[in-house]
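Below is one structure, written out as C-alpha cells; comments come after it.
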2 protein chains.
Amino acid sequence: MQDSKGVDAGLLQSRYRLTKQRAAILRALEDGRHHNAETILERVREHLPGVSLGTIYRTLDILRSIGLVQVFSHAGGAAKYEATLEKHHHLVCTNCGEVVNVAVNEALPLAQALAQDHGFDGVDCALVVTGRCPRCARPNGVAN
Amino acid sequence: MQDSKGVDAGLLQSRYRLTKQRAAILRALEDGRHHNAETILERVREHLPGVSLGTIYRTLDILRSIGLVQVFSHAGGAAKYEATLEKHHHLVCTNCGEVVNVAVNEALPLAQALAQDHGFDGVDCALVVTGRCPRCARPNGVAN
DNA sequence: CTCTCTGCAAAGCATTTGCACATTG
DNA sequence: CAATGTGCAAATGCTTTGCAGAGAG
C-alpha cells in the first residue's frame, strides 16, 4: 500500500475525485497483472463489499481515458485491464487473447518515433507483439 | 481479382473449403484496410446478396484461426478485421480504437525475438504501438 | 451419400446507461 | 448546496450458436 500513493497520483492530477471505490480499483490492479472486470469486482469487494459492476466499468474507462490503465480486448471474451505501472512489452495471443508481460531490456525509440510521426501520443507500455501463445500454437492450419 | 489467388491460397491449404462466400469475404478485405463485420457484410452483399452476418463472423473467425486475418477489438465498439497482406505495423488509439497502418522500413528482429523467447508463434504484422491518435490526443487529463 | 457450409433467428454476454440517492468539497 | 460519483437494473449491441436445408466432393 505504500506505493499506492504513486498509483493514485494520476487520478489526483486529473479532474476526477479519488473516491474509495476508485482507490480500491487501482489497488486491485497493483499486482501488475491482467484482470477482467468481473475479477476486479471480486477483488474490490474484499475491501468494499457494496461496489457494483457498473462502477468498475465506469472507473476503468476513466482510468483508461487518463492513461492509468491499458485495455486488451478480444472477440468473444471479456476485456483485460492492466495498470500502467512500469514500462514493459506485451505478447498477445491472436487466438485466445492471452496477454503476457515482457520486461524491457533495451529502449525502443523506434516505436515511439513511429507514433510521433503519425501524431500519436505514445503511452508508456508501447510495444505489443501479436502471435500465438504456446498453448494455441499448432503445427499447421488447424482451427482454434 | 488477379491477386485473389494469393489471398485464397491460405484457405486452400487449410482444411476448409474455399466457398464463394469465403472468397467474397477475402475479396472485401483485399484493400488492406480495417473493416468491421457490418461493413464487410455490405461489401460482400454487393457481389453475393444473400450472405448473412452469421456467415461473416464464422468466416472471419476461421480466417483468424488460420492466420489470414487480424482482429482489433476495443471495448464498446465492433471489432475491426484486416487481411494479413504485407508486413506492416499498426498504431492503435487506446481511446477510440482507431487503427492506422504504418509501412515497415526496417526489420524488427527484436519483436520476433521477444515472441520466440516466450514460445509465441509470431505473425507477419508483429508490431502494434498503442497511444492516442491525433483526434483523441488532448493536452491534459481530459476525458474521452 | 456423407460431410461441410450457410441462412435464419434466437440466445448469450460483456458493456453501457438512466435515474435516484449518496457523497464530496 | 452544487457538482460529482455510485448502486441498481434495464437496455444495448456485438457476437455466437442451434437447426434445417443447401452444396460440395
Side-chain angles (χ1 to χ4, degrees), chain A residues 8 11-26 28 34-42 44-45 47-66 68-81 94-97 141-144, chain B residues 8 11-26 28 34-42 44-45 47-66 69 71-81 94-97 141-144:
Chain A
D8 297 348
L11 247 188
L12 288 171
Q13 285 165 18
S14 73
R15 66 175 185 78
Y16 299 100
R17 292 182 186 156
L18 178 55
T19 62
K20 55 183 188 293
Q21 288 90 342
R22 290 174 184 172
I25 290 171
L26 281 168
H34 317 95
H35 304 283
N36 57 34
E38 196 70 46
T39 306
I40 295 171
L41 178 65
E42 287 170 21
V44 167
R45 280 190 171 164
H47 302 273
L48 288 176
V51 176
S52 73
L53 197 51
T55 296
I56 300 291
Y57 278 112
R58 260 185 300 230
T59 301
L60 287 172
D61 191 54
I62 289 172
L63 297 176
R64 178 196 56 70
S65 77
I66 59 180
L68 292 183
V69 158
Q70 279 192 276
V71 189
F72 299 89
S73 309
H74 79 111
K80 292 176 184 172
Y81 300 83
T94 50
N95 196 55
C96 70
V142 182
N144 265 23
Chain B
D8 298 347
L11 246 190
L12 288 171
Q13 285 164 16
S14 74
R15 66 177 184 77
Y16 299 101
R17 291 182 186 155
L18 179 54
T19 63
K20 55 184 188 297
Q21 288 90 342
R22 291 175 182 172
I25 291 171
L26 281 167
H34 315 97
H35 305 284
N36 58 33
E38 198 69 48
T39 307
I40 296 172
L41 179 65
E42 287 170 20
V44 167
R45 279 189 171 164
H47 302 273
L48 289 176
V51 176
S52 74
L53 197 53
T55 296
I56 301 291
Y57 278 112
R58 260 185 301 231
T59 302
L60 287 171
D61 191 54
I62 289 172
L63 297 176
R64 177 196 56 71
S65 76
I66 60 180
V69 158
V71 189
F72 299 89
S73 309
H74 81 110
K80 292 177 183 172
Y81 299 83
T94 50
N95 197 56
C96 69
V142 182
N144 264 22

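Although no hydrogens or angles enter the test, the distance criterion places no donor-acceptor pair under 3.5 Å between the side chain of A:H74 and the main chain of B:S73. Side chain of B:R22 to backbone of B:R17: a donor-acceptor contact under 3.5 angstrom is found.
Protein atom CG of B:L60 is 15 Å distant from nucleotide atom P of D:dC14, rounded to whole Å. Atom pair A:I56:CD1 and C:dC13:P shows a separation of 20 Å (rounding to whole Å applied). Rounded to whole angstrom, the span from the NE2 atom of B:H35 across to the C1' atom of D:dT15 amounts to 19 Å. Here the C1' atom of nucleotide C:dT6 and the CD1 atom of B:I25 are 11 Å apart, to the nearest Å. In this structure, A:H74 places its NE2 atom 10 Å from P of C:dT15, rounding to the nearest Å. For A:K20 and C:dA22, the NZ to P distance is 13 Å, given to the nearest whole Å. Following rounding to the nearest Å, B:I62 (CD1) and D:dT15 (P) show an atom-to-atom distance of 16 Å. Between the CZ atom of A:R15 and the C1' atom of C:dG25 there is a distance of 16 Å, given to the nearest Å.
When each of A:L11, A:T59, A:L63 is checked for a side chain to side chain contact (heavy atoms under 4.5 Å, CB included) with A:Y16, only A:L11 meets the rule.
Closest to the side chain of A:T19, out of D:dT6, C:dT24, D:dG18, is D:dT6. If you check D:dT15, C:dC8, C:dT16 against the side chain of A:Y57, the one that comes closest is C:dT16. The listed nucleotides are D:dC19, D:dG7, C:dT15; the one nearest the side chain of B:R58 is D:dC19. Checking C:dG7, D:dT15, C:dT24 against the side-chain heavy atoms of B:A79 singles out D:dT15 as nearest. Among the nucleotides D:dT6, C:dT24, D:dG25, the one closest to any side-chain atom of A:R17 is C:dT24.
Within the nucleic acid shown, A:R22 comes within 4.0 Å of sugar-phosphate atoms alone, with no base atom in reach, counting heavy atoms only.
Taking both residues in full, the closest heavy atoms of A:T55 and A:I25 are given as O-CD1, 4.2 Å, listed atom of the first, atom of the second, then distance.
Ring centroids of B:Y81 and B:H34 are separated by 6.0 Å or more, keeping the two rings apart.
In terms of phosphate contacts, A:T55 brings a side-chain nitrogen or oxygen within less than 4.0 Å of OP1 or OP2 of D:dG7.
For the pair A:L53 and A:Q21, nearest-nucleotide mapping onto DNA chain D gives the more 5' position to A:Q21.
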